[in-house]
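So the structure is just underneath, and the comments pick up after that.
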Amino acid sequence: MNNEGNIATPDGVRLFFRTSGNGAKTVVIPNGIYLLEDFRSLAEDRTLIAYDPRNRGRSDQTGDGSIQQDLEDMEPVRQHFGLDRMDLIGHSYVGLMVALYAMRYPDHTGRIVQIGAMEPVAGKQYPPHLAFNDGLMPQIFGKMGQLWQSRTTEDDEEMCRKAWAILGAIYVADPINAARIDWGRCELPNERNFMRYWTAKILPSIQSLNIPGEATKAKSPILTIHGTMDRNAPYGGGREWAMMLPDARLVTVEGAAHAPWMEAPDRVFGAIGTFLNGAWPEGSEKVEAVDLKAASA
């Protein structure tokens with residue numbers, strides 16, 4: 001395979017992709033180019049294909065979009081690489097998107113890994129022990145506000161880099177790992193404008209979904225990996241995914257936040273490797289109740 005290239009969608013939009021590894025088994029990571037370096041151990045005997053959805057990264061900017069459109073764009077990706085069934089890894093809100101693909105295209109879905117997936121019902125409130133809150137988020141947003149208020153002559157790229165230097169702390173439990181969060185891709189206009197696009201297009205389209213009513217359409221095995229200290233996507237959402245989906249299990253990563261592979265790499269990558277090779281990883285849980293405390297009360 002080429003290391004980089006473009007995939008054409010039916011409406012003429014070009015989706016940029018990048019590959020890592022050259023193994024016979026292929027795994028697709030939508031919106032995952034920022035993950036390739038951290039996930040390189042998975043590429044030792046596989047080919048990882050990461051691509052930018054439309055309006056993201058180096059893919060075409062269209063002026064419109066939605067989670068439903070991103071979902072439909074996954075089919076041209078599968079077809080481009082000649083995959084009958086597509087193994088997928090999705091992080092954060094893309095963890096939700098890959099589950100949607102399993103519901104929409106069960107005959108073309110292989111094995112799916114969700115990492116820190118956005119909750120199935122956007123904005124759902126979970127009890128405190130299932131929704132980690134250490135008070136850091138308001139502090140970070142306060143620093144972000146100060147950054148923008150103090151802006152002078154910095155260009156957009158420089159401001160983006162300064163913002164990500166602040167934001168890194170919310171994605172990890174151990175502050176020492178904050179400097180490893182380099183997800184901004186600030187040299188790309190699409191990424192600098194992502195929050196505007198997220199607020200105007202992606203989040204409203206996610207809020208319109210009826211995932212609980214569609215979940216039983218997913219037939220593929222799905223592994224949900226979730227940190228108990230995730231500030232961005234509540235741990236309760238991970239439990240709910242694993243309970244709701246027909247063939248799913250949960251790997252809980254104690255003391256990890258939104259990037260659990262940084263704080264427990266052996267556990268996370270070991271679990272992913274075992275699962276993609278066809279077995280449930282040791283310690284994976286068949287979830288019977290979202291809130292164990294409430295169930296046992």
Task: From CD (Glu158) to CZ (Arg151), nearest 0.5 Å - done: 10.5 Å

Task: Atom pair NE2 (His80) and CD1 (Ile49), whose distance is rounded to the nearest 0.5 Å - done: 8.0 Å

- [ ] Consider only side-chain N and O atoms of His129 and Asp291, and report whether a donor and an acceptor are under 3.5 Å apart.
- [x] yes

TODO: Determine, step by step, whether Glu187 and Arg192 satisfy the salt bridge (charged side-chain N to carboxylate O under 4.0 Å, His left out) criterion, reporting the C-alpha distance in whole Å, the side-chain angles of both residues, the deciding distance to 0.1 Å, and the verdict.
DONE: CA-CA 8 Å; Glu187 71 279 7; Arg192 295 198 298 270; over 6 Å; no

Open item on the list: Looking at Glu4 and Arg18, is any side-chain nitrogen of the basic one under 4.0 Å from a carboxylate oxygen of the acidic one?
Closed with: yes

Task: Met159 vs Trp148 side-chain heavy atoms within contact, under 4.5 Å - done: yes

Open item on the list: Testing the basics here: between Cys160 and Gly184, what is the closest heavy-atom pair and its distance to 0.1 Å?
Closed with: SG-O, 4.5 Å

Task: Beyond-backbone contact of Glu282 with Arg267, side-chain heavy atoms, under 4.5 angstrom - done: no

Open item on the list: Restricting to non-hydrogen atoms, name the atom on Ala215 and the atom on Leu245 that form the minimum distance, rounded to 0.1 Å.
Closed with: O-CD2, 4.1 Å

Open item on the list: Are Tyr101 and Met97 packed together at the side-chain level, in the sense that at least one heavy-atom pair is separated by less than 4.5 angstrom?
Closed with: no

Open item on the list: Any salt bridge linking Arg111 with Asp247? Criterion: basic side-chain nitrogen under 4.0 Å from a carboxylate oxygen.
Closed with: no

Task: Shared hydrophobic cluster for Leu209 and Ile202 (ILVMFWY, side-chain gaps under 4.5 Å) - done: yes

Open item on the list: Any heavy-atom pair between the side chains of Leu36 and Ser20 that's under 4.5 Å?
Closed with: yes

- [ ] Answer whether the closest heavy-atom distance between the side chains of Thr19 and Leu48 falls below 4.5 Å.
- [x] no

Open item on the list: Once you measure the plane-to-plane angle for Trp183 and His91, does it fall in the parallel (<30°), tilted (30-60°) or perpendicular (>60°) bin?
Closed with: perpendicular

Task: Sidechain N-carboxylate O distance under 4.0 Å for Asp64, Lys201 - done: yes

Open item on the list: Taking side-chain contact (heavy atoms from CB on, under 4.5 Å) as the criterion, tell me which of Thr109, Val98, Ile112 meets it with Ile222.
Closed with: Ile112

Task: For the student: nearest non-hydrogen atoms of Arg185 and Asp52, plus distance - done: NH1-OD1, 2.7 Å

TODO: Please step through side chain to side chain contact (heavy atoms under 4.5 Å, CB included) for the pair Trp280 and Phe275, ending with a clear verdict.
DONE: CA-CA 5 Å; Trp280 292 111; Phe275 176 71; 3.5 Å; yes

Open item on the list: Looking only at side-chain N and O atoms, does Glu191 offer a donor or acceptor that is under 3.5 Å from a partner on Tyr197?
Closed with: no

TODO: Could you check Phe17 against Phe81 for ring pair (Phe, Tyr, Trp, His ring centres under 6.0 Å), going step by step and ending with a plain yes or no?
DONE: CA-CA 11 Å; Phe17 74 85; Phe81 292 104; 5.1 Å; yes

TODO: Please report the shortest heavy-atom distance between Ala264 and Val253, naming the atom on each side.
DONE: CB-CG1, 3.6 Å

Open item on the list: Using every non-hydrogen atom in the two residues, find where Asn190 and Gly57 come nearest and quote the distance to one decimal.
Closed with: ND2-O, 3.2 Å

TODO: Among Ser208, Ser205, Pro204, Pro53, find the one that has a side-chain contact (heavy atoms from CB on, under 4.5 Å) with Ile67.
DONE: Ser205

Task: Any donor-acceptor N/O pair, Trp241 side chain to Met118 backbone, under 3.5 Å - done: yes

Task: Shared hydrophobic cluster, Met229 / Met137 (ILVMFWY, side-chain heavy atoms < 4.5 Å) - done: no

Open item on the list: side chain to side chain contact (heavy atoms under 4.5 Å, CB included), that's the test. Do Arg46 and Thr26 meet it? Break it down for me.
Closed with: CA-CA 6 Å; Arg46 301 175 182 86; Thr26 299; over 6 Å; no

TODO: Taking atom types as modelled, find out whether Asp73 and Gln69 have a side-chain donor-acceptor pair closer than 3.5 angstrom.
DONE: yes

Task: Ser59 (side chain) donor-acceptor with Asn55 (main chain) under 3.5 angstrom - done: no

Task: Donor-acceptor side-chain pairing of His258 and Ser92 below 3.5 angstrom - done: yes

Open item on the list: Hydrophobic clusters here meaning ILVMFWY residues chained together by side-chain heavy-atom distances under 4.5 Å, can you tell me if Met86 and Ile7 are in one?
Closed with: yes

Open item on the list: If only side-chain N and O atoms count, and only distance matters, is there a donor-acceptor pair under 3.5 Å linking Asp182 with Trp164?
Closed with: no

- [ ] Evaluate side chain to side chain contact (heavy atoms under 4.5 Å, CB included) for Val113 paired with Ile115, printing each intermediate quantity in order.
- [x] CA-CA 6 Å; Val113 180; Ile115 306 175; 3.9 Å; yes

- [ ] Taking all non-hydrogen atoms of both residues into account, name the closest pair between Ala8 and Pro76 and its distance.
- [x] O-CB, 3.9 Å

Open item on the list: Between Arg231 (side chain only) and Ala173 (backbone N and O only), is there a donor and an acceptor less than 3.5 Å apart?
Closed with: no

- [ ] Just do the side chain to side chain contact (heavy atoms under 4.5 Å, CB included) check on Arg180 and Val172 with the steps written out, would you?
- [x] CA-CA 9 Å; Arg180 296 177 57 194; Val172 296; over 6 Å; no

- [ ] Give a yes or no answer on whether the side chain of Arg104 reaches the backbone of Leu100 with a donor-acceptor pair at less than 3.5 Å.
- [x] no

TODO: Output the distance between atom CD1 (Ile176) and atom CD (Glu263), rounded to the nearest 0.5 Å.
DONE: 11.0 Å

TODO: Using a strict 4.0 Å threshold on nitrogen-to-oxygen distance, state whether Lys217 and Glu214 make a salt bridge.
DONE: yes

Task: Any side-chain heavy-atom pair of Thr252 and Thr228 under 4.5 Å - done: yes

Task: Check: Pro30 and Met74 side chains under 4.5 Å, non-hydrogen atoms - done: yes

Task: ILVMFWY cluster, Trp261 and Leu250 together (side-chain gap under 4.5 Å) - done: no

Task: Straight-line distance of Glu72 CD to Thr9 OG1, nearest 0.5 Å - done: 11.0 Å

Open item on the list: Looking at Arg78 and Leu83, would you say the former's side chain and the latter's main chain have a donor-acceptor pair under 3.5 Å?
Closed with: yes

Open item on the list: Tell me if a side-chain donor or acceptor on Thr47 pairs with a main-chain N or O of Gly23 at a distance below 3.5 Å.
Closed with: yes

Task: Within-4.5 Å side-chain heavy-atom neighbours: Val121 and Ile211 - done: no

TODO: Quick one: pull up CD1 in Ile140 and CG in Leu167 and give me the separation to the nearest 0.5 Å.
DONE: 7.0 Å

Task: ILVMFWY cluster, Ile181 and Ile170 together (side-chain gap under 4.5 Å) - done: yes

Task: Distance, nearest 0.5 Å, that separates OG1 of Thr224 from CD of Glu240 - done: 11.0 Å

Task: Under 3.5 Å: donor-acceptor pair, side chain of Gln125, backbone of Gly123 - done: yes

Task: Residues, nucleotides or ligands: over 12 heavy atoms within 6.0 Å of Asn277 CG - done: yes

- [ ] Answer with yes or no after comparing the ring centroid distance for Tyr126 and Tyr235 against a 6.0 Å cut-off, counting only values under it.
- [x] no

Task: Asp87 side chain vs Val27 backbone, donor-acceptor pair below 3.5 Å - done: no

Open item on the list: Using only atom types and a distance under 3.5 Å, with no angle test, would you say the side chain of Arg196 pairs donor to acceptor with the backbone of Asn193?
Closed with: no

Open item on the list: Treating Asp60 as the side-chain partner and Arg14 as the backbone partner, does any N or O pair qualify as donor plus acceptor under 3.5 Å?
Closed with: yes

Open item on the list: More than 12 heavy atoms of other residues, nucleotides or ligands under 6.0 Å from CG of Asp174: yes or no?
Closed with: yes

